[in-house]
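Counting starts at 1 for both ligands and their atoms, following the listed order.
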Amino acid sequence: MTEHELHPETKAIRAGRGDNDTALAPILWATTTFVTPTVAEGRKMATGIGSARFYSRYGNPTVAGFEDAIAQLEGAETARAFASGMGAISAVILGLCSTGDHIVAQRQLYAGTQLLLQTACPRFGIDVTFVDATEPGAFAAAVIPGRTTLVFAETPANPRLDLVDLDELGAIAGPMTVVDSTFATPLIQRPLDHGVDLVIHSATKAIAGHNDATLGVVAGAAELVDWLYSFAVLQGANASPFDALNGLRGLRTLGVRLERQSATAGVLARFLESHPATAEVRWPGLESHPQYELAQRQMRLPGGLLTFDLVGGIEAGVAFVEGLEIAQLATSLGGPETLVTHPASTTHVNLTPEELAANGISPGTVRVSTGLEHADDLVADFAQALERPAG
Ligand SMILES: *Cc1c(COP(=O)(O)O)cnc(C)c1O
């Protein structure tokens, strides 16, 4: 059996072990610098791409192990890790686009990405057009031939789990296509297999998976990632070796965590769908999801994220998230603890009411990141919190 034929869950156990010597667990290379044997070798490392033994802002063996693992899992030629998901996203956008360029992005985006596109890009003379990613052909229709350099997508998207058709995105000719695949992880979907050029993860989330590492990564063709590398070294948002170590640690259990979280999210989604206090429930594994067919086609598992609307609006949303006893009110996702967020009052608080509506966020929208607790305990917790009087 060749490495290529292995299941992703098996690859996640085997990947990124290059610099371990005989140690089973990854070695933490907690060093900022490396002794260079000769001036000539130092010069080569200072000017080359991806040196892992020169100075840790350029590269580091523990970080390189994590990068290799992600490249392998995504089927990419290479990968570059960053200090955070936003470090990766800002490197892609500001490292690959210049004054006069045009970006097509979707309206349904992680709020940090949206703010970067709306506030930083105009300052550098980069125009951005936002489209509805769920509308077939919307990305391609907004591309301006000769001017659009980047098409930026996120799927499943924050916070309503809208999906982007990866085949359609990958077929766009001309601009570079990029997918923020954080919610899916490489074990649920592989955008590069669909013809997309770069895939980004906030590994802070499910990949590191324990809410103890802030980490990002970009993977794709060497030509593009190497181009990004020169900018990244100057940007300085390099991944810390300790966080990369935790990224590798998280990858080993990612498969079982995603299976458990997907199963529990399904139990919660069906419970919420049948509850009179809720309006719409969004989870890619529910037949009622408007893009259920697409989810079946491009996702190996529905994932642990779900979003629902409370009919009681903002008061009901606040009462619910504050009334939970097992699930906790905290931003972030993909870890062992079930977390809830109330986007209208937290992550998306900087958006105008019109932008909130365009993002599909109502005052009563609640996002759930299912953890690893027993499903029955979570259902009981949600049931009691839904009974709490609002206000
Ligand atoms: C969290 C997140 C980011 C940003 O990642 P950080 O590690 O917090 O910088 C980007 N995209 C998505 C979809 C996210 O969930």
Side-chain angles (χ1 to χ4, degrees), residues 63 66 70 74 79-95 105-120 133 150 152-164 166 169 178-186 188-189 191 196 198-219 232 235-240 242-244 246-247 250 254 258 261 265 282 284 299 303-307 330-335 337 339-341 343 346-351 359-361 365 367-371:
V63 175
F66 175 70
I70 294 295
E74 288 290 1
R80 165 82 185 179
F82 289 84
S84 65
M86 283 312 298
I89 291 165
S90 60
V92 166
I93 291 171
L94 301 175
Q106 71 198 63
R107 240 173 248 138
Q108 305 90 338
L109 276 181
Y110 179 70
T113 312
Q114 186 170 349
L115 283 173
L116 180 80
L117 290 168
Q118 282 176 336
T119 60
L150 198 74
F152 194 102
E154 176 180 315
T155 186
N158 225 333
R160 289 196 80 78
L161 308 164
D162 291 311
L163 306 181
V164 174
L166 291 172
L169 187 74
V178 181
V179 169
D180 181 338
S181 192
T182 298
F183 279 20
T185 83
I188 287 184
Q189 70 191 13
V196 169
L198 290 172
V199 58
I200 300 178
H201 293 283
S202 167
T204 309
K205 314 294 167 53
I207 289 178
H210 295 73
N211 295 316
D212 56 7
T214 305
L215 188 64
V217 65
V218 181
Q235 178 202 23
N238 50 290
S240 108
F242 187 63
D243 288 339
N246 280 326
L254 184 57
L258 290 173
Q261 287 168 341
R282 278 285 188 95
M299 297 173 72
L305 272 294
L306 68 114
T307 299
T331 191
S332 206
L333 56 105
E337 303 87 359
L339 301 181
V340 295
T341 61
T346 55
T347 48
H348 289 67
V349 76
N350 290 325
L351 303 192
N359 275 270
I361 298 166
T365 299
R367 190 192 76 186
V368 182
S369 168
T370 312

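Under a 3.5 Å cut-off, the side chain of Arg282 and the backbone N or O of Arg160 do form a donor-acceptor pair.
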What are the distances between nitrogen or oxygen atoms of ligand 1 and protein nitrogen or oxygen atoms, counting only those under 3.5 Å?
unit_1   : atom_1 : unit_2 : atom_2 : d
ligand 1 : 5 (O)  : Ser202 : OG     : 2.9
ligand 1 : 7 (O)  : Gly85  : N      : 2.8
ligand 1 : 7 (O)  : Ser202 : OG     : 2.8
ligand 1 : 7 (O)  : Thr204 : OG1    : 2.6
ligand 1 : 9 (O)  : Gly85  : N      : 3.1
ligand 1 : 9 (O)  : Met86  : N      : 2.8
ligand 1 : 11 (N) : Asp180 : OD2    : 2.6
ligand 1 : 15 (O) : Lys205 : NZ     : 2.8

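In this structure, Ile200 and Val92 have side chains that are in contact, with non-hydrogen atoms separated by less than 4.5 Å.
Looking at residues two or more places apart in sequence or on another chain, you find a side chain to side chain contact (heavy atoms under 4.5 Å, CB included) between Ala83 and Ala237.
Atom CG of Leu117 is separated from atom CD1 of Ile93 by 4.0 Å, given to the nearest 0.5 angstrom.
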Going through the distances and angles, do Thr113 and Glu154 end up as a side chain to side chain donor-acceptor pair (under 3.5 Å)?
CA-CA 10 Å; Thr113 312; Glu154 176 180 315; 4.6 Å; no
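The only option from Val164, Leu198, Val196 that meets the side chain to side chain contact (heavy atoms under 4.5 Å, CB included) definition with Val179 turns out to be Val196.
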